[in-house]
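Since the structure comes first, as structure tokens, the remarks are kept for the end.
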Amino acid sequence: MRLRSLIIAVIIPAVFLAPGGHCRGPEQGRQDGSSSPPSKGTGRSPGRPAPPWRPPHGRPATAAYRFHWGRPVASDDFRGERLDRRAWEVYDGPGQDGKGHRSPRAVGVRNGVLTITGRPDGTTGGVAWKRGSQHTGRWEARVRMSRASAAYHPVLLLWPTRARGGNAPNGGGGEVDWLEVADNGTRRTAEFFLHYGSTRKDQQVSGQVHVDLTRWHAFAVEWTNTWVSGFVDGRRWFHTTRRDALPHGRMGQTIQLDWFPRDARHTARGIRRNAPATLQVDWIRMYRR
């Protein structure tokens, strides 16, 4: 989720290859989906979309495989029947903007899958990965989610490790929402929000990709000293080289299913607003840069 209630958007339009549909990103880089920077600055002409990328038979459709990220320095496949509390901090307290409640009971592991469940009354959950923090790096996770009330926003994000919780990092420091879903509940659109600036004047660079999120997909983020990129199934759909927007310090990984009750009115026809919402994670991995 976004951990804030008000956002001042700075969106720079351009076009990127969209796996499984159409896609918008903030800057135009290389057309091969590479995780290396564009050869010349940050041009903004749309260009031609690159040919679809598919991994060889039997290989994973992940950014880590395609770009040879190597062995992860931390990972969790959620084996067993309960979450490893040595590796994860489970939220227990008020929800987004003080609304609803983040309860440990909303978080569970079964059959090798982490599931966070959101109820109609705003009882939901979130977890922070104790082993998932570093300064620059790469993170990737295989996720899916249920069609549900638009009040629920599934999100994978990087948060400054020195900041306390709240609507925005205390004292600034940026925030990287590398997968956020704030749609009409159909789960067909994923968004990327790179937040920067002060707590009082939050600014952002954002991107969007259309993909069926009720099916399993591998989302990833790569953060370097010169750019930030987002990927889905090994294809890049977000990229920016704006130095002023890049995080400055160590960031930690969280997984959240946040409740925005006012957004329930945007729920699409045919979707029950009182049906439980779920965010599921098959695995998550962190790599060095």
Side-chain angles (χ1 to χ4, degrees), residues 1-16 23-29 35 37-38 41-44 91 94-99 126 128-129 132-139 153-183 189-209 219-231 236-256 258-260 262-263 289:
M1 93 110 260
R2 286 172 288 211
L3 293 169
R4 69 232 144 258
S5 55
L6 176 64
I7 302 171
I8 301 175
V10 178
I11 301 174
I12 305 173
V15 176
F16 280 91
C23 170
R24 263 199 320 256
E27 296 177 6
Q28 180 64 25
S35 60
T42 58
R44 298 190 178 106
Y91 299 171
Q96 161 66 21
D97 202 24
K99 298 179 176 63
W129 197 13
S133 65
Q134 58 186 351
H135 181 265
T136 71
R138 298 147 168 163
W139 292 257
H153 296 196
V155 61
L156 276 65
L157 66 93
L158 302 178
W159 183 263
T161 55
R162 293 186 178 182
R164 296 190 297 271
N167 289 331
N170 185 33
E175 175 185 342
V176 185
D177 301 329
W178 51 280
L179 169 60
E180 179 164 0
V181 182
D183 65 356
T189 303
E191 294 180 277
F192 193 116
F193 294 96
L194 176 59
H195 294 266
Y196 65 100
S198 66
T199 304
R200 293 185 177 182
K201 193 176 181 180
D202 177 40
Q203 300 179 81
Q204 67 179 232
V205 181
S206 67
Q208 185 181 86
V209 63
F219 280 84
V221 60
E222 180 179 42
W223 163 35
T224 77
N225 289 322
T226 53
W227 77 82
V228 170
S229 294
F231 304 85
R236 192 178 71 190
W237 61 278
F238 175 90
H239 185 75
T240 184
T241 56
R242 289 190 54 166
R243 292 292 188 95
D244 61 328
L246 302 183
H248 302 296
R250 193 178 184 90
M251 305 287 277
Q253 175 66 52
T254 78
I255 303 170
Q256 300 172 193
D258 288 327
W259 190 54
F260 292 76
R262 295 183 64 180
D263 286 351
R289 237 317 274 174

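The figures that follow rest on heavy atoms only: side chains count, while hydrogens, waters and symmetry mates do not.
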Begin from the C-alpha positions of Asn225 and Leu246 and carry the test side-chain contact (heavy atoms from CB on, under 4.5 Å) through to its verdict.
-> CA-CA 8 Å; Asn225 289 322; Leu246 302 183; 6.0 Å; no
Taking the side chain as C-beta and beyond, is there a heavy-atom pair between Trp259 and Gln96 under 4.5 Å?
-> no
Distance-only donor-acceptor check, side chains Asp263 and His153, under 3.5 Å | yes
Nearest-0.5 Å distance, CG of residue Leu157 to CD1 of residue Ile255 = 9.5 Å
Could you pull out the closest heavy-atom pair between Ser229 and Arg236, with the gap in Å?
-> OG-CD, 3.6 Å
Any side-chain heavy atom of Glu191 sitting closer than 4.5 Å to one from Val181?
-> no
Can you tell me how far NE2 of His135 sits from OG1 of Thr161, rounded to the nearest 0.5 angstrom?
-> 10.0 Å
So how far is it from Gln204 CD to Phe192 CZ, rounded to the nearest 0.5 Å?
-> 11.5 Å
Passes side-chain contact (heavy atoms from CB on, under 4.5 Å), Val228 versus Val221? Steps please.
-> CA-CA 7 Å; Val228 170; Val221 60; 4.1 Å; yes
Would you call the rings of Trp223 and Trp139 parallel, tilted or perpendicular if under 30° counts as parallel and over 60° as perpendicular?
-> parallel
From Phe238 CZ over to Leu194 CG, what is the distance, rounded to the nearest 0.5 angstrom?
-> 5.0 Å
Between the side chains of Ser133 and Arg250, does any donor sit under 3.5 Å from an acceptor?
-> yes
Answer with yes or no whether the side chains of Trp178 and Glu222 bring together a donor and an acceptor at under 3.5 Å.
-> no
Cut-off 3.5 Å, side chains only: do Tyr91 and Gln256 have a donor facing an acceptor?
-> yes
Please test Gln253 against Leu156 for side-chain contact (heavy atoms from CB on, under 4.5 Å), starting from the C-alpha separation and ending with a verdict.
-> CA-CA 7 Å; Gln253 175 66 52; Leu156 276 65; 3.9 Å; yes
Start with the C-alpha distance between His195 and Val176, add both sets of side-chain angles, then the distance that settles side-chain contact (heavy atoms from CB on, under 4.5 Å), and finish with yes or no.
-> CA-CA 6 Å; His195 294 266; Val176 185; over 6 Å; no
Looking at CZ of Arg243 and OH of Tyr196, how far apart are the two atoms once the value is rounded to the nearest 0.5 Å?
-> 15.0 Å
